[in-house]
Protein chains: 2
Amino acid sequence: MTSRDDLGQMPGHLIRRLNQRSTAVFAERMKSAPVELTSVQYAALDVLAREPGIDQARLASLIAYDRATIGDVVKRLERKGLVARQVSEQDRRARTLRLTGEGEAALAQVAPMVAALQAEILGKLTEAEQAQFLDLVRKAVEA
Amino acid sequence: MTSRDDLGQMPGHLIRRLNQRSTAVFAERMKSAPVELTSVQYAALDVLAREPGIDQARLASLIAYDRATIGDVVKRLERKGLVARQVSEQDRRARTLRLTGEGEAALAQVAPMVAALQAEILGKLTEAEQAQFLDLVRKAVEA
DNA sequence: TCAATATGGTAAGTATACGTATCATATTTT
DNA sequence: AAAATATGATACGTATACTTACCATATTGA
């Protein structure tokens with residue numbers, strides 16, 4: 001054929017397709033949720049439940065996004081009434097973030113669904129393979 | 001702590017971060033390339049070199065994207081002068097795609113860099129682990 | 001053959017994602 | 001304290017990504 005490597009064997013391509021599958025499964029399952037969230041929005045709510053009062057920069061660093069992206073995500077969560085934003089008293093540049101009551105409720109309702117859907121993302125693998133895979137990914141993205 | 005699963009252990013989150021690393025490595029290496037391509041643009045060129053004359057729908061299916069996304073990708077490649085688009089004679093709805101001379105040259109220059117960068121994406125893993133990882137991903141995204 | 005259906009492409013809308021620049025405010029350095 | 005630097009947030013630009021709707025053209029079926 002050609003001397004070029006097959007695209008379908010390249011890590012980058014395979015990883016992209018797996019991520020695609022992951023987001024597709026997430027979106028599909030969320031269709032039947034009381035509050036429809038994207039996976040990024042869920043991640044943000046999850047972190048804010050654990051660490052209320054952090055600012056956007058810290059939120060971004062905790063879920064590994066850049067500030068610009070998180071700004072928009074938070075804006076949408078605020079518009080949905082799930083997150084409240086407030087100018088920090090210690091640092092007037094920063095906005096501290098908190099879940100609203102509605103945000104807490106949404107997270108509580110959605111969390112079990114999200115936990116359940118995780119296995120489906122790797123549904124083509126046996127349980128042993130899933131565990132192995134997760135070990136490898138954790139190592140691959142390690143700081 | 002809480003009863004919720006740790007985000008950092010969830011497949012979806014880990015896969016997203018790995019994909020993030022993958023695209024970051026790609027973009028970083030491309031900065032020193034003669035023609036700067038995104039990974040999707042590279043994938044499109046690669047497929048068109050192997051199968052000249054296919055239309056956008058077929059291209060989309062071969063690299064696992066939807067038609068709308070590929071439409072924009074092709075538009076940008078056409079604007080860069082790397083791909084030529086032509087109304088199909090067999091099917092007037094379809095546009096057949098071909099690399100231009102410039103597109104061929106760009107692909108030839110970039111292909112070795114792309115092949116080389118793949119190992120870096122999984123650079124935190126040993127070679128044996130990389131092979132293992134790829135086997136698992138291939139199985140996970142299998143049709 | 002003509003209606004029903006399917007398919008290729010585009011348009012519009014939404015949501016990521018990131019780089020760079022800019023502004024406001026903090027912190028550090030001199 | 002003034003200057004230099006760093007940092008939080010936003011704005012803007014570019015590029016994915018996917019859904020739904022729509023138009024044009026093909027194919028299928030009655």
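In what follows, chains are A, B, ... by sequence order, proteins preceding strands, each numbered from 1.
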Peer 1: Tell me, please, which residues at least two apart from Glu28(A) pass side chain to side chain contact (heavy atoms under 4.5 Å, CB included).
Peer 2: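 Listed in chain order: Lys31(A).
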
Peer 1: Mind checking side-chain hydrogen bond (donor to acceptor under 3.5 Å, both in side chains) for Asp135(B) and listing every partner two or more places apart, or none if nothing turns up?
Peer 2: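 Per chain and number, Asp135(B) pairs via side-chain hydrogen bond (donor to acceptor under 3.5 Å, both in side chains) with Arg138(B).
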
Peer 1: Walk along DNA chain D from 5' to 3' and tell me the first and last nucleotide with an atom closer than 4.0 Å to a non-hydrogen atom of chain A.
Peer 2: dA6(D) to dC18(D)

Peer 1: Run the side chain to side chain contact (heavy atoms under 4.5 Å, CB included) test against Arg93(A) and tell me which residues pass, sequence neighbours left out.
Peer 2: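 Per chain and number, Arg93(A) pairs via side chain to side chain contact (heavy atoms under 4.5 Å, CB included) with Asp91(A).
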
Peer 1: Quick one, which residues of residues 59-74 of chain A touch DNA chain C with a heavy atom under 4.0 Å?
Peer 2: Tyr65(A), Asp66(A), Ala68(A), Thr69(A), Val73(A)

Peer 1: May I ask you to decide if Ser88(A)'s main-chain N or O and Thr96(A)'s side chain share a donor-acceptor pair within less than 3.5 Å?
Peer 2: no

Peer 1: What pairs meet the side chain to side chain donor-acceptor pair (under 3.5 Å) rule with one or both residues in residues 100-121 of chain A, with sequence neighbours excluded?
Peer 2: Arg29(A)-Glu120(A)

Peer 1: Toward the 5' end of DNA chain D, which comes first, Asp55(A) or Arg16(A), by nearest nucleotide?
Peer 2: Asp55(A)

Peer 1: Is there a donor-acceptor contact under 3.5 Å from the side chain of Gln130(A) to the main chain of Leu125(A)?
Peer 2: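 Yes; at least one donor-acceptor contact below 3.5 Å.
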
Peer 1: Strictly below 4.0 Å, heavy-atom distances to any atom of DNA chain C: list the hits from residues 32-41 of chain A, or just say none.
Peer 2: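 Close to the strand are Thr38(A), Val40(A), Gln41(A).
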
Peer 1: Taking only residues two or more places apart in sequence, or in another chain, which ones meet Arg67(B) in a side chain to side chain contact (heavy atoms under 4.5 Å, CB included)?
Peer 2: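 If we apply the side chain to side chain contact (heavy atoms under 4.5 Å, CB included) test to Arg67(B), skipping adjacent residues, the hits are Ala57(B).
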
Peer 1: Between the main-chain N or O of Gln9(B) and the side-chain N or O of Asp6(B), is there a donor-acceptor pair closer than 3.5 Å?
Peer 2: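 A pair under 3.5 Å: no.
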
Peer 1: Would you mind telling me which residue lines up with the more 5' stretch of DNA chain C, Arg79(A) or Gln20(B), judged by nearest nucleotide?
Peer 2: Arg79(A)

Peer 1: Go through the structure and list residues passing ring-ring contact (aromatic ring centres under 6.0 Å, His included) with Phe133(A), not counting sequence neighbours.
Peer 2: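 Once residues adjacent in sequence are excluded, the partners of Phe133(A) under the ring-ring contact (aromatic ring centres under 6.0 Å, His included) criterion are Phe133(B).
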
Peer 1: With a 3.5 Å cut-off and no angle check, do the side chains of Asn19(A) and Ser22(A) form a donor-acceptor pair?
Peer 2: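 Per modelled atom types, Asn19(A) and Ser22(A) side chains form no pair under 3.5 Å.
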
Peer 1: List in chain and number order the residues that pass side-chain hydrogen bond (donor to acceptor under 3.5 Å, both in side chains) with Gln132(B), two or more places apart in sequence or in another chain; answer none if no residue qualifies.
Peer 2: none

Peer 1: What residues form a side-chain hydrogen bond (donor to acceptor under 3.5 Å, both in side chains) with Tyr65(B), not counting sequence neighbours?
Peer 2: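 side-chain hydrogen bond (donor to acceptor under 3.5 Å, both in side chains) list for Tyr65(B), sorted by chain: Arg16(A).
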
Peer 1: From CZ of Phe26(B) over to P of dA17(C), roughly how many Å is that when rounded to an integer?
Peer 2: 18 Å

Peer 1: Indicate the atoms forming the closest heavy-atom contact of Val35(B) with Met30(B), along with that distance.
Peer 2: O-SD, 4.2 Å

Peer 1: Listed in order of residue number, which residues of residues 85-100 of chain B have a non-hydrogen atom at under 4.0 Å from DNA chain C?
Peer 2: Arg85(B), Arg93(B), Ala94(B), Arg95(B)

Peer 1: Taking the nucleotide of DNA chain D with the closest heavy atom to each, which residue, Lys80(B) or Thr23(A), is nearer the 5' end?
Peer 2: Lys80(B)

